[in-house]
Structure formats: C-alpha cells, structure tokens
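Structure record follows, encoded as structure tokens.
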Protein chains: 2
Amino acid sequence: MKSGDMANLKQIAAELSLSVTTVSRALKDGPEVQPSTIARVKEVAKRVGYVPNHHGRALKTGRTLMLTAVLPMETRDYLSDLAKLPLIEGMTLAARQAGYSLSIYSTTPDDDPVESVQRLLDARSADGLIITRMVSGDPRVKLLLDQRIPFVAFGRTDLDVAYPYVDIDNEQIAYDATQRLMDKGCRRIALQLLVAKDQASAMRLAGYGRAMAEAGIPIDQSLIGHGTFTMESSVAWFDRLLASSDPPTGLACANELGLLGALHALGRRGLEPGRDVHIVTRDNTRLARFLPAKIGVHSVDMADVGHKLIEVLESRIANPLGPVVTVLLQGKFDPAE
Amino acid sequence: MKSGDMANLKQIAAELSLSVTTVSRALKDGPEVQPSTIARVKEVAKRVGYVPNHHGRALKTGRTLMLTAVLPMETRDYLSDLAKLPLIEGMTLAARQAGYSLSIYSTTPDDDPVESVQRLLDARSADGLIITRMVSGDPRVKLLLDQRIPFVAFGRTDLDVAYPYVDIDNEQIAYDATQRLMDKGCRRIALQLLVAKDQASAMRLAGYGRAMAEAGIPIDQSLIGHGTFTMESSVAWFDRLLASSDPPTGLACANELGLLGALHALGRRGLEPGRDVHIVTRDNTRLARFLPAKIGVHSVDMADVGHKLIEVLESRIANPLGPVVTVLLQGKFDPAE
DNA sequence: TTCGGCAATCGTAACGTTACGATTATAAAA
DNA sequence: TTTTATAATCGTAACGTTACGATTGCCGAA
C-alpha cells in the first residue's frame, strides 16, 4: 500500500522538536524518557495516525512478526480435507492474538515438501513455520532443526529426535474406536486409513492392532484400506468390502469425507449404519452429528489444535533453546444416540 | 528466522570485488551490466545461497509482495462456511504463482468489519487487500477507495461506485434454480437465504422473485428463510416449513450446510428428495454429488473465484488508476440424475 | 567553586536493498 | 592527438526503524 503520506518517527520528532530516538523510545514507554514527553509524543502519534513501519522494524530487529503455515492442498477434489478449515481459523486467530500475522503456503501434490520448506527458509519472511501432514521419517524435521529455525509440527513422526509438535492421539482414538465396535459385537472391523506413509495413519493402525490383539482377533489385511482424502475412493473401497463374501460388520472411518463415502456405499445397498454395520468415525468439524445416521464419533477440536500450534511455536520463538514442548490432544467420544 | 549467516549483496560484492550496486543489477539482469559479470555474480549468489532480503527490499521499494485476505469466521460452528476452503486454496496458489504471499486475517463475529480493515490499512503490511462477505451499502468500499489502497471484493454491493470485484451471478443462479423447480411442477418453492443484509442473499432473492413473477406465482414470505451458515438453523427452519399446513414442494438451498440440514429434516419425516420435495442447491465443494439424494446442483468453482480475485487484485496493484475490472462468474448446473 | 552522579535527550550507525547521478575505461570519430 | 560517445561500474543517499554510546543540564556533595 503506498499512499505516501504515511506518518513516521521523523515527522513526529520534527513536530515536537525531539530526536527520532526519543520518539521511538517514548512510543514504547522507555524508562529513559520523561513521562510528560511520553504523553506528548503519544498524543501527536495518535493525531497523525502513526503506525510503525513493519519493514523498517523487521530490517532492524530481524523479526518479522509473521508466521507461515505449510498446508497441503488436494487439487483432485475441491473438498480437500475439511479439518483444514477449523485448523486455519484456529491458527489465524491465535496468531493475531499473539501479535503475529499468519500466511498460508499451500502446496500441491506436485510440490516436493522438502523443497517447499527450503524455499520458505530461504525467503526468511517468517519468524516461524508450521508444518503439517507428517510422514514417516519426515526429512523436513532434520532440515528445520539443522537450520535452527523455530517451527512446530502438526503430528509426530518416527524419528529419533526431539522437536516441538502438537498431535492428536490417533493411536488411542483408533484403539478406543475398535474396542467400542467390538463392544457392539463386531469382530470383522474395517479400518480406513490414508496413504501408507502418512504418520497419523500409522498410529491409527497401531491402535487398531493393539485392540484386536487384546481381543485375540487376528487381523485381516483385506479389511484395512489405504486411500486419499476424497469421498470417491472411500465409496469404491467400502463398496468392494461390502460385496465380499465375508463383509465387515464394523467400520472405523478416517474422517468426515471417508464417512460420507462409506455412508454413500451403504445407502446404495440399502444397508443402515447402526443396524447392518456399526460405524465409529473421527470428526474434525462436528459434521457427523448432523447426519441422519447412528454413528459413534470421536470429535477432535481442530481450532484448538490451531491454537496450541501457535502457542508452542510462539514459545519456541521466544526461547529457541528452551525445552522442546510437545502437546498430545485426546478426542472426545460421543456414542451413537 | 535468524541464523545470522545469511548471505547478502555486500558479501557477494566483496567476494567479486564489485560494488553492491552492480551485484544488485546483475541479479536482475540489468542491461547496464556485462553478461560475463552477470554470470559470475549469479554463480557466486547461487553458491552462497543468496536470497534477497524481503524487508530491505520492501523498505526501499514500498512493496511488500504480500496480500491479505479478510475472511469471516463463524465461531459458533466449526464447520463454518465450507466454500472458504477451496477459496483459500485457490487464492494462496494463485498468489504464489504471481510471486505474492497470502496472509489470512480471520475476523470473528465480534470484530467490527470496518475496524478490521482499518487496522490492516494502518499496518501497511500488504500490497493489497481481499475483502469478502459484502453487505448492503458496505462501508469498507468507500474506506478503501478513499485511501487508494488496491483491493478486490468477493461480491458486489448496492453502492453507486465502481470498484473491482469478482462475484458469482447469484441472481441468475437463483432464477435458474427457481425455474427448474417450477419445471418439476413446484409452485410452493422455499428459498433459503443467509442473514438479511448479506448482499449475495439479496441477489438470490431478486432472482427468485423474478422467476416467480414471470410464472405469475405470488411470493409467500413464509417460504423465505433467513439463517446463518450452520446446519442447525437449516434443520429447524425446514422442519417448521414441512410441519406447516401447506408445506413447500420445492426448495432452493443456499449452500452445502443448508442442504445437509434440509436433508436431515426431510429424513426425520421419512420424506425423500426428488419425490416428496424437489431440491436445487448451490454447491461450492462438489459435496452434493456424493449424497445419496436426487438434487439439482449449481456448482460453483470457488478455487477459480480465488484465482480470479488474485488476478484482479494483481492488475489493480500494477495499475491502480486503470479501468476497474469486474468479473461475474456463472454456476454450472447438474440436474438431479 | 568544582566535581560526580543522574536524568533526559541527542546523534550516529546500522539493518539490506534500490535509485540515481558520477566516474572510469574503451573505442570510434574528428 | 583530442574529442565524443558509449559501455561498464561505482559511490552515495535513502527507505524507517532501533541500538548504543555521547552529550547536555542540573542538583547535591566535597
């Protein structure tokens, strides 16, 4: 934005016959400057509509007051991952409250994740980074740790290094979901996962495996589906399972879209959730409760995840060498009515 | 990001015994500098990993290469407006391609819209602004025009000034939807709108009114519902209509959430879309096509809206005094199968 | 009176970049 | 040989801010 008539320190200083230094200090209530002077400076600053120039300050101090979140975007499907919306809203709001701006860097499936992060590092345009969608052995963690850039990840990974993250306890949620399905009498329980290397899916698989092992039920690999975040793939996958000779009686869904897909597949066959197949899903958006279907729901507060991410990142920026903060959030279960 | 060992022009200049000026020019292929020098400079720049300092450049040139989108966020409901997700993705991607970063400024219902814009103006941290959710007589337009800040609006308003916008032709879509419902034999057609002063809703109401007038059907105000973007309100509203003595036989939904709510209300009464009530909805996310229900759909490509917004804003920044560009996008109709 | 100590303010330099006029070297024209 | 044009490069200033050491004026202690 240009409109060159922007007030600056020099103008205020000239008007009051003070030095730029004194004005600068007065505006941040520096103890070196006389209270009466502070008052005069602030009065003029307000009158001329002074707002500190972000770039002058950033250049001098090295801080940008900007955070960048790297978010993957699915170009195949406009619906993308619904959880991203409350996540973005939570992050932007928390960032704003903490005095930061949040910029979103969307990556397409064509983008190399490491390269994207590298580019952001090079640009040095943010004080900190938020990375999401962690994969097994995620190389971005090492890159960011090496460069000593404050960052926080949404999700853990299987690396043997400590780094700041916020995560949902996917293992526990999947364990719990599987158990609840078994409580309904299900023994053939289908599990919906995302792409294979997705770390959240790995955790979910672990929780599912633990529950099955405890119940002494052998795992049937054909019941475990890997897909993308879209509804299409969910419909096709679950439809195939339903068509098999020994169809599942229980289903643990990955998210809203997976759930909608599965319901679609059920509906086409005249089957009913809660009667023919028991369903438990993870819900990031409170969408599931509005569906006319009996399903158990693990709700996850993604806006809270966003808040926590910013909080952790902020503490990291304030104290880059401090202890590594990690947060693990639980889901909240609402049974099928 | 600190890691103070950041390469700058001075270092490159020193290494090559050149002046900072020449290096700066060489890196942007200035015609004043010898091709062989350009090559040498670029080689060193690449080796030391030089990346231009954003703030130094912004301070000097007055350009920030940053755009800010002001997006309202519904705190009542995590689902918020689903259309925002593809919109954000479209904008961030287009911005990136145009060499800009996009920052998101989420406003809560508590925030005063004008004040939010004013704050962003004061901060001077962006080269341009994107405003959304236009209301009748939107005061932000005058504010932004007065301050000569490049901006683009998602949506028109009823002001008598020219300003750059991208909009969906809501009037035409509502007109079309109403006609299609009448083609199915509906005469009592319910219309789902958002809050009263929302400008998009006003356009939709106009289109509905035009279609009804052409068909000679008087408008029954009780069939026109004003609500929020949530599903709850949609369920309650449509349920009340269905319970009335003369229930509607057609329904034009505002968006996905409104549709899901209406379907919920129908399902509870054992009614079926396409048989008992004909439904046409606007769909911003391609969600509707996955629902096991016969509904007509006007699909709107929100990612494209995002692209267009950035495009218009970019041209505005490049030429602030040029002609005011406006874009009006049509929906694409997919009939109930 | 002279000095130390303190409060209040000032001046300069620096962050990294770009704009612009000045300077040098080179080659062609007189 | 001197002039003139041109190509290549340089130096300085500026954008708005903050850090830091220097300076001023004043009061009380010696």
Side-chain angles (χ1 to χ4, degrees), chain A residues 1-42 44-45 48-66 99 122-127, chain B residues 1-42 44-45 48-66 99 122-127:
Chain A
M1 316 186 181
K2 28 204 69 163
S3 68
D5 56 347
M6 201 54 200
N8 58 20
L9 291 183
K10 203 196 280 185
Q11 286 170 32
I12 299 180
E15 178 155 347
L16 288 167
S17 303
L18 283 173
S19 74
V20 178
T21 305
T22 304
V23 173
S24 172
R25 284 174 170 158
L27 287 172
K28 42 178 75 72
D29 289 310
E32 315 94 326
V33 33
Q34 208 177 0
S36 66
T37 308
I38 294 188
R40 282 192 305 147
V41 168
K42 285 195 174 173
V44 175
V48 300
Y50 171 77
V51 179
N53 180 297
H54 181 221
H55 302 291
R57 181 177 280 177
L59 185 56
K60 182 64 189 169
T61 63
R63 296 189 60 193
T64 68
L65 296 182
M66 166 82 65
D122 289 345
R124 291 284 186 291
S125 53
D127 290 334
Chain B
M1 316 187 182
K2 29 204 67 163
S3 69
D5 56 345
M6 202 54 201
N8 57 20
L9 291 183
K10 203 196 282 185
Q11 287 170 30
I12 299 179
E15 178 154 347
L16 288 168
S17 302
L18 283 173
S19 75
V20 178
T21 305
T22 305
V23 174
S24 171
R25 284 174 169 157
L27 287 173
K28 43 177 75 73
D29 289 309
E32 314 95 327
V33 33
Q34 208 177 0
S36 67
T37 308
I38 294 188
R40 282 193 305 146
V41 168
K42 286 194 173 172
V44 174
V48 301
Y50 171 77
V51 178
N53 180 298
H54 181 224
H55 302 291
R57 181 176 280 177
L59 185 56
K60 182 63 190 167
T61 63
R63 296 190 59 193
T64 68
L65 296 183
M66 166 82 65
D122 289 345
R124 291 284 185 291
S125 52
D127 290 334

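Per chain, numbering begins at 1; letters A, B, ... match sequence-line order.
- What separates CZ of A:Arg40 from P of C:dT9 is a distance of 7 Å, to the nearest Å.
- Below 30°, between 30° and 60°, or above 60°: for A:His55 and B:His55 the angle between ring planes is between 30° and 60°, a tilted geometry.
- For B:Leu18 and C:dT24, the CG to C1' distance is 14 Å, given to the nearest whole Å.
- Ranking C:dG16, D:dT9, D:dT18 by closeness to the B:Thr37 side chain, first place goes to D:dT9.
- As rounded to whole Å, 20 Å separates atom C1' of C:dT17 from atom CZ of A:Arg57.
- Under the 3.5 Å distance criterion, the side-chain polar atoms of A:Thr61 are matched with a main-chain donor or acceptor of A:Arg57.
- Between B:Ser19 and D:dT9 there is no side-chain N or O to OP1 or OP2 distance below 4.0 Å.
- For the pair A:Leu16 CG and C:dA8 C1', the interatomic distance rounds to 15 Å; values are reported in whole Å.
- With rounding to whole Å, B:Glu32 atom CD is found 18 Å from C:dT23 atom P.
- Close to D:dT18, at under 4.0 Å from its OP1 or OP2, lies a side-chain N or O of A:Lys28.
- Ranked by how close their nearest DNA chain D nucleotide is to the 5' end, B:Pro35 and B:Leu59 are led by B:Pro35.
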Show, in sequence, the C-alpha distance, side-chain angles and deciding distance for B:Arg40 and B:Leu16, and conclude whether the side-chain contact (heavy atoms from CB on, under 4.5 Å) test is met. CA-CA 8 Å; B:Arg40 282 193 305 146; B:Leu16 288 168; 4.0 Å; yes
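- Taking only side-chain atoms of B:Lys10, from C-beta outward, the nucleotide of C:dC15, D:dT17, D:dC10 with the closest atom is C:dC15.
- Using a 4.0 Å heavy-atom criterion, one finds that A:Gln34 contacts the sugar-phosphate atoms exclusively.
- For B:Asn8 and C:dT18, the CG to C1' distance is 14 Å, given to the nearest whole Å.
- A straight line from CG of B:Leu9 to P of C:dT18 spans 6 Å, rounded to a whole angstrom.
- Heavy-atom minimum distance, A:Lys42 versus A:Asp29: NZ-OD1, 2.9 Å.
- Dashed line: the shortest gap from a side-chain N or O of A:Arg25 to OP1 or OP2 of C:dT9 is not under 4.0 Å.
- Between B:Asn53 and B:Asn8, the closest side-chain pair of non-hydrogen atoms is not below 4.5 Å.
- Within the 4.0 angstrom heavy-atom criterion, only backbone atoms of the sugar-phosphate kind lie near A:Ser17; the bases stay farther away.
- The base of C:dA19 sits within donor-acceptor range of the side chain of B:Thr21, with an N or O pair under 3.5 Å.
- Closest contact between the side chain of B:Thr22 and the listed nucleotides D:dC10, D:dT17, C:dT17 involves D:dC10.
- Atom CG in A:Asn53 sits about 17 Å away from atom P in D:dA14, given to the nearest Å.
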